[in-house]
Amino acid sequence: MTEINYMLQGNAVMPALNEPVVREWIVKVADLHGQRVGCLTYVFCDDEYILETNREFLGHDYYTDIITFDYTNSRHIAGDMVISLDTVRSNAEMLGVDYETELMRVIIHGVLHLCGINDKGPGEREVMEGYENEALAILPENVFLK
């Protein structure tokens with residue numbers, strides 16, 4: 001059974017997501033990668049919260065846009081994805097893309113990790129970006145509430 005939850009930590013403000021549309025999109029992307037969605041939790045936070053999470057769980061002392069905790073079993077992808085909305089915003093500005101597009105890229109990035117796609121080894125970043133772009137190409141226009 002597919003369950004997608006959203007939480008807030010730190011000073012984050014909940015993005016105006018059209019949750020049923022986001023759910024359908026995530027399920028479709030996972031299906032394209034031969035996976036079914038189980039329980040996913042998105043924790044939207046600020047930079048300070050993700051920095052502390054990065055230090056505590058990964059031993060890294062830097063900011064990042066997403067940390068994915070993978071609880072996938074053989075039948076369903078599952079996990080917690082901690083997303084710094086501050087870093088998403090600054091990355092969007094740096095890349096010259098709108099915040100909403102960058103947020104959706106990061107949201108699906110975590111799902112792609114749960115589907116078994118990596119981005120740390122040689123050539124893997126380009127593969128991940130290709131899959132992110134494919135997912136964004138099928139993103140419904142009404143993914144945000146107006």
Are the aromatic rings of H109 and Y131 close, with centres under 6.0 Å apart?
-> no
Just by distance, with hydrogens left out, do [X] and [Y] show a side-chain donor and acceptor under 3.5 Å apart?
X: Y63; Y: E48; answer: yes
X: T72; Y: D70; answer: yes
X: N5; Y: E3; answer: yes

Is there a side chain to side chain contact (heavy atoms under 4.5 Å, CB included) between R89 and E93 once you walk through the steps?
-> CA-CA 6 Å; R89 187 168 304 285; E93 291 171 7; 3.8 Å; yes
Whether over 12 other heavy atoms sit under 6.0 Å from E24 CD | no
Crowded around N11 CG? As in, over 12 foreign heavy atoms under 6.0 Å?
-> no
Report the relative orientation of the aromatic rings in F69 and F57; use parallel for angles under 30°, tilted for 30 to 60°, perpendicular for over 60°.
->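 Aromatic pair F69/F57 classed perpendicular.
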Out of D47, I50, L58, which residue meets the side-chain contact (heavy atoms from CB on, under 4.5 Å) rule with T64?
->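 That would be I50.
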Can a donor-acceptor pair be found, under 3.5 Å and without considering hydrogens, that links the side chain of [X] to the backbone of [Y]?
X: T101; Y: V97; value: no
X: S90; Y: T87; value: yes
X: T68; Y: H113; value: no
X: Q35; Y: D31; value: no
X: N73; Y: R75; value: yes
X: W25; Y: A135; value: yes

Please assess E19 against R23 for the test side chain to side chain contact (heavy atoms under 4.5 Å, CB included), listing each intermediate value before the final yes or no.
-> CA-CA 6 Å; E19 293 179 20; R23 178 185 185 278; over 6 Å; no
Between [X] and [Y], is any pair of side-chain heavy atoms under 4.5 Å apart?
X: L51; Y: T53; value: no
X: M7; Y: T41; value: yes
X: Y99; Y: L85; value: yes
X: L17; Y: F144; value: yes
X: Q9; Y: F44; value: no
X: V88; Y: I66; value: no
X: Y49; Y: V82; value: yes
X: V143; Y: V22; value: yes

To the nearest 0.5 Å, how far apart are [atom1] in [X] and [atom2] in [Y]?
X: L40; Y: D80; atom1: CG; atom2: CG; result: 9.0 Å
X: I107; Y: E102; atom1: CD1; atom2: CD; result: 10.5 Å
X: L136; Y: M104; atom1: CG; atom2: CE; result: 8.0 Å
X: K28; Y: L139; atom1: NZ; atom2: CG; result: 10.5 Å
X: C39; Y: I77; atom1: SG; atom2: CD1; result: 11.0 Å
X: C45; Y: I67; atom1: SG; atom2: CD1; result: 7.5 Å

Are any of the side-chain nitrogens in E129 or R125 under 4.0 Å away from the carboxylate oxygens of its partner?
->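 A salt bridge is present here (some side-chain N lies under 4.0 Å from a carboxylate O).
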Determine, step by step, whether Y42 and I26 satisfy the side chain to side chain contact (heavy atoms under 4.5 Å, CB included) criterion, reporting the C-alpha distance in whole Å, the side-chain angles of both residues, the deciding distance to 0.1 Å, and the verdict.
-> CA-CA 12 Å; Y42 286 95; I26 289 170; 3.6 Å; yes
Could you pull out the closest heavy-atom pair between L112 and H33, with the gap in Å?
-> CD2-NE2, 3.5 Å
I138 with V127, same ILVMFWY side-chain cluster at under 4.5 Å =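 Yes, because I138 and V127 connect within a single hydrophobic cluster, where side-chain heavy atoms sit under 4.5 Å apart.
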Report whether V27 and Y6 are members of the same hydrophobic cluster (ILVMFWY, side-chain heavy atoms less than 4.5 Å apart, transitive linking).
-> yes
In the hydrophobic clustering (ILVMFWY, side-chain contacts below 4.5 Å, transitive), which residues join Y62, or is it alone?
-> none
Given the options D65, N133, N91, R105 meets side-chain hydrogen bond (donor to acceptor under 3.5 Å, both in side chains) only with N133
